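A quick write-up on the structure given underneath.
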Amino acid sequence: MSAYLILHGWQNRRPEGHWQHWLAGRLRALGHEVTYPQLPDPDDPELDVWLGELRRGLDGLDGPRVVLAHSASALLWLHAVARGVVRDGDVDRVLLVAPPSASVVVRHPEIAEFAPPAGELRLPGVTRLVAGDDDPYCPEGARAVFGDPLGIPTEIIPGAGHLDLNAGYGSWPAVLEWCLDEAVRFRAR
């Protein structure tokens, strides 16, 4: 069995209807270990505090480790890699979902420090990126901002927005399928 760390984004209080909550429940029902922490101060997060929580979450996992990071937590993951908080061997697979672009993040003082780190990154584990083609938090496009520059295989879902409740992503069977089989391709709902 795999062990999953699910990380939410800015202003997220883990609502029951969100795909992350739904996914955590499904994975647990299948017997997997799931850590889905409420990160501190989701309205005014501190990058260093969230980095510490990410590290604690990883350290608490036993078995093949899989990380799913949505929105600001996708940026959190990139900072963790850039700062050496996570390294090769710390994780087997990573799914970055709907990371917001720097042009959006810097307009919000509460999360400006989460703006993507500059420079080349060596991402640990098999990393994949999935985003909507119309994500208002990444108007430049996730493939152009993150996928191509970082060499991350990227899947763009038409009409998926920010892949959140507002875009209709409560239950999201494709993400559960990916958790169970990394070869699964994402598709529109």
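Quick caveat: nothing in here was measured; it's all calculated off a predicted structure.
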Using residues 84-98 as the side-chain source, report each donor-acceptor pair under 3.5 Å to any protein atom, sequence neighbours left out, with the distance given to one decimal.
residue : atom : partner : partner atom : Å
Arg87   : NH1  : Gly84   : O            : 2.8
Asp88   : OD2  : Arg122  : NE           : 3.0
Asp88   : OD2  : Arg122  : NH2          : 3.0
Asp90   : OD2  : Arg55   : NH1          : 2.8
Asp90   : OD2  : Arg87   : N            : 2.8
Asp92   : OD2  : Arg65   : N            : 2.7
Arg93   : NH1  : Trp178  : O            : 2.9
Arg93   : NH2  : Cys179  : O            : 2.6

Is any side-chain heavy atom of His70 closer than 4.5 Å to a side-chain heavy atom of His18? yes
On a heavy-atom basis, the closest approach of Ile156 and Ala142 is CD1-CB, 4.4 Å
Assign the ring pair Trp172 / Phe186 to parallel, tilted or perpendicular, where the plane angle (0 to 90°) is split at 30° and 60°. tilted
Examine distances only and state if a side-chain atom of Arg26 and a backbone atom of Leu176 form a donor-acceptor pair shorter than 3.5 Å. no
Quick check against the 3.5 Å criterion: does His32 have a side-chain atom that pairs as donor or acceptor with the backbone of Ala24? no
Residue pairs involving residues 134-153 (criterion ring-ring contact (aromatic ring centres under 6.0 Å, His included); sequence neighbours excluded): Tyr137-His162
Of all heavy-atom pairs linking Leu61 and Glu33, the shortest is CA-OE2, 3.4 Å
If hydrophobic clusters are built from ILVMFWY residues whose side chains come within less than 4.5 Å, do Ile152 and Leu76 share one? yes
Cluster check Leu78, Val67: I/L/V/M/F/W/Y, side chain < 4.5 angstrom: yes
Side-chain heavy-atom pair Arg56, Thr35 within 4.5 angstrom cut-off: no
Report, as yes or no, whether the 6.0 Å neighbourhood of atom CG on Asp62 holds more than 12 heavy atoms from other residues, nucleotides or ligands. no
Residues, nucleotides or ligands: over 12 heavy atoms within 6.0 Å of Arg185 CZ: no
Separation between CG of Leu180 and CG of Leu30, rounded to the nearest 0.5 Å: 6.0 Å
Gln20 and side-chain contact (heavy atoms from CB on, under 4.5 Å): which partner among Leu7, Asn12, Asp164? Asn12
